[in-house]
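Input: a single structure, listed below in structure tokens.
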Amino acid sequence: ASGTVLKILAAEGAPARVGTILALIGKPGEPTDAPSSLAAPSAPAGSGKAAPAPLAPPASGAPRELGFVSPVVARMAAERHVDLSAVRGTGLNGRITKNDILAFVADRPSAAAQPRPAHASHAVVRAADDQLIGHSTIRRQIAEHMVLSQKTSPHVLTVMEADMSLVAAHRESHKLLFQRDGVKLTFTAYFIAAIAGALKAHPLANSSWTDEGVLVHAAINIGMATSLGADGLIVPVIKGADRLSLEGTARAVTDLANRARARKLQPEEVHGGTFTLTNHGIAGSLFAMPIINQPQCGILGTGAIQRRVVAVADSTGNDAFAVRPVVYLSFVFDHRILDGASADAFVASVKQILESWS
């Protein structure tokens with residue numbers, strides 16, 4: 001809807017039932033008292049149907065029609081041994097939501113008495129001087145997404161080392177030229193460009209697993225994990241990364257990262273990714289095992305670029321020692337889609353592009 005937000009009615013981070021009025025939008029100066037008719041969702045005019053009422057808890061032993069149950073809800077219920085017929089749905093038309101499952105488990109009186117599986121963790125004991133930091137909405141979402149990813153994909157890590165000498169030289173000779181055009185040339189732009197080229201050469205790495213088969217994506221949309229400090233991280237997506245020049249890639253990297261930290265990204269700018277880059281080397285980390293951003297096939301982590309002594313061939317073909325800027329490329333992939341050989345071929349392609357930059 002177009003207009004000005006006049007009044008916010010829903011608290012940030014609080015669950016809201018589908019159809020609840022979240023805010024009022026209109027012209028500046030308009031009255032902001034919501035009519036009573038907006039207090040709850042109503043049926044379309046002329047439909048002859050009343051607004052859906054919340055479902056009452058079923059009588060003991062009396063099954064009820066569940067209606068549509070999403071795969072996420074079904075999986076959560078199975079993992080937590082929840083009988084869906086006993087759960088009161090608060091979604092549209094009484095649909096059961098994730099929050100309904102979590103609330104039911106939290107309120108289940110017999111939960112404490114139920115035997116725990118052998119692998120369950122022990123309850124956290126809080127000391128008097130411990131500090132409890134409440135979970136933000138984004139932190140909860142990240143936690144749920146990471147746990148779901150680990151349960152969904154068999155994660156496998158492969159690591160290669162890349163010589164960044166040519167990339168570093170190219171950046172040094174071009175960064176002022178880019179800066180005159182208002183573009184900050186970072187190593188991230190080179191990594192994005194190298195990944196895009198490698199995905200074109202190895203399209204299976206640009207795919208998603210489905211029950212019907214492996215879905216190979218035509219578009220190459222690369223997400224870049226961006227830290228939001230204590231709030232966690234967000235992954236803005238560079239759409240059509242394979243069609244961008246280095247300058248276009250650098251411009252997109254700077255723009256998306258700046259707006260991500262300023263909380264000014266649009267919803268479509270964090271969706272549609274087909275592969276993810278995470279630069280964990282900013283704080284000095286050499287290599288890591290990132291978690292796949294579902295439903296993608298893989299994620300590439302880049303460590304800190306360090307100058308190290310390496311063995312190289314001199315002009316006569318003899319081995320010699322030299323100091324080179326090198327980086328570890330940590331590729332975590334879904335083993336349902338890629339095997340070791342195909343994963344290594346993809347990382348080797350990224351490495352080759354970086355080491356042959358001109």
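We number each residue from 1, following the sequence as shown. Both backbone and side-chain heavy atoms feed into the values below; hydrogens, waters and symmetry mates do not.
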> Say you draw a straight line from CG of Leu215 to OG of Ser207; how long is it, rounded to the nearest 0.5 Å?
Replying inline: 8.0 Å

> Should His170 and Ser358 count as side-chain neighbours, where that means a heavy-atom distance under 4.5 Å?
Replying inline: no

>> If you apply the rule side-chain hydrogen bond (donor to acceptor under 3.5 Å, both in side chains), what do you find for Gln296 with Thr274, and how did you get there?
In response: CA-CA 6 Å; Gln296 298 167 15; Thr274 60; over 6 Å; no

> Between Ser349 and Ala345, is there a donor-acceptor pair closer than 3.5 Å when you use the side chain of the first and the backbone of the second?
Replying inline: no

> Any side-chain heavy atom of Val237 sitting closer than 4.5 Å to one from Ile222?
Replying inline: no

> Got a salt bridge between Arg251 and Asp255, using NZ or NE/NH1/NH2 to carboxylate O under 4.0 Å?
Replying inline: no

> Is the backbone N or O of Ala219 less than 3.5 Å from a side-chain atom of Asn206, with the two atoms forming a donor-acceptor pair by type?
Replying inline: yes

> Between Tyr190 and Trp357, is there a donor-acceptor pair closer than 3.5 Å when you use the side chain of the first and the backbone of the second?
Replying inline: no

> Do His145 and Asn293 come close enough that some side-chain heavy atom pair is under 4.5 Å?
Replying inline: yes

>> Once you measure the plane-to-plane angle for His202 and Phe346, does it fall in the parallel (<30°), tilted (30-60°) or perpendicular (>60°) bin?
In response: perpendicular

> Do any N or O atoms from the side chain of Thr20 and from the backbone of Ala16 form a donor-acceptor pair under 3.5 angstrom?
Replying inline: no

> So does Glu161 pair up with Lys351, basic N to acidic O under 4.0 Å?
Replying inline: no

> Going by heavy atoms in the side chains, are Leu185 and Leu246 under 4.5 Å from each other?
Replying inline: yes

>> I'd like to know if Glu144 pairs up with Lys98 as an ion pair, taking the criterion as any Lys NZ or Arg NE/NH1/NH2 lying under 4.0 Å from an Asp or Glu carboxylate oxygen.
In response: yes

> So do the side chains of Leu244 and Ile238 get within less than 4.5 Å of each other, counting heavy atoms only?
Replying inline: yes

> With no hydrogens and no angle check, is any side-chain donor or acceptor of Asp181 less than 3.5 Å from a backbone partner on Val183?
Replying inline: no

> Between Ile291 and Val332, is any pair of side-chain heavy atoms under 4.5 Å apart?
Replying inline: no

> In terms of ring plane angle, is the pair His335 and Phe333 parallel, tilted or perpendicular, where the classes change at 30° and 60°?
Replying inline: perpendicular

>> Among Thr186, Leu354, Thr249, exactly one meets side chain to side chain contact (heavy atoms under 4.5 Å, CB included) together with Phe191. Which residue is that?
In response: Leu354

> Yes or no on side-chain hydrogen bond (donor to acceptor under 3.5 Å, both in side chains) for Asn318 and Thr316, after CA distance, side-chain angles and deciding distance?
Replying inline: CA-CA 6 Å; Asn318 296 319; Thr316 62; 3.0 Å; yes

>> With a 3.5 Å distance limit and no angle check, can you tell me whether Ser165 reaches the backbone of Arg324 through a side-chain donor-acceptor pair?
In response: no

>> Could you check whether any side-chain N or O of Ser342 sits under 3.5 Å from a backbone N or O of Leu338, counting only pairs where one atom can act as donor and the other as acceptor?
In response: no

>> Is there a side-chain hydrogen bond (donor to acceptor under 3.5 Å, both in side chains) between His280 and Thr302? Walk through the geometry before answering.
In response: CA-CA 6 Å; His280 55 81; Thr302 55; 5.9 Å; no

> Leu329 versus Leu300: any side-chain heavy-atom pair under 4.5 Å?
Replying inline: yes

>> side-chain hydrogen bond (donor to acceptor under 3.5 Å, both in side chains) for Ser149 and Gln294? Distances and angles first, verdict last.
In response: CA-CA 6 Å; Ser149 182; Gln294 295 296 329; 3.0 Å; yes

> Distance-only, no hydrogens or angles: does the Glu269 side chain make a donor-acceptor pair with backbone N or O of Pro236 under 3.5 Å?
Replying inline: no

> Under a single-linkage definition using a 4.5 Å side-chain heavy-atom cutoff for Ile, Leu, Val, Met, Phe, Trp and Tyr, are Met224 and Met146 assigned to the same hydrophobic cluster?
Replying inline: yes

> Is His81 reaching over with its side chain to a backbone N or O of Ala77, donor-acceptor style, under 3.5 angstrom?
Replying inline: no

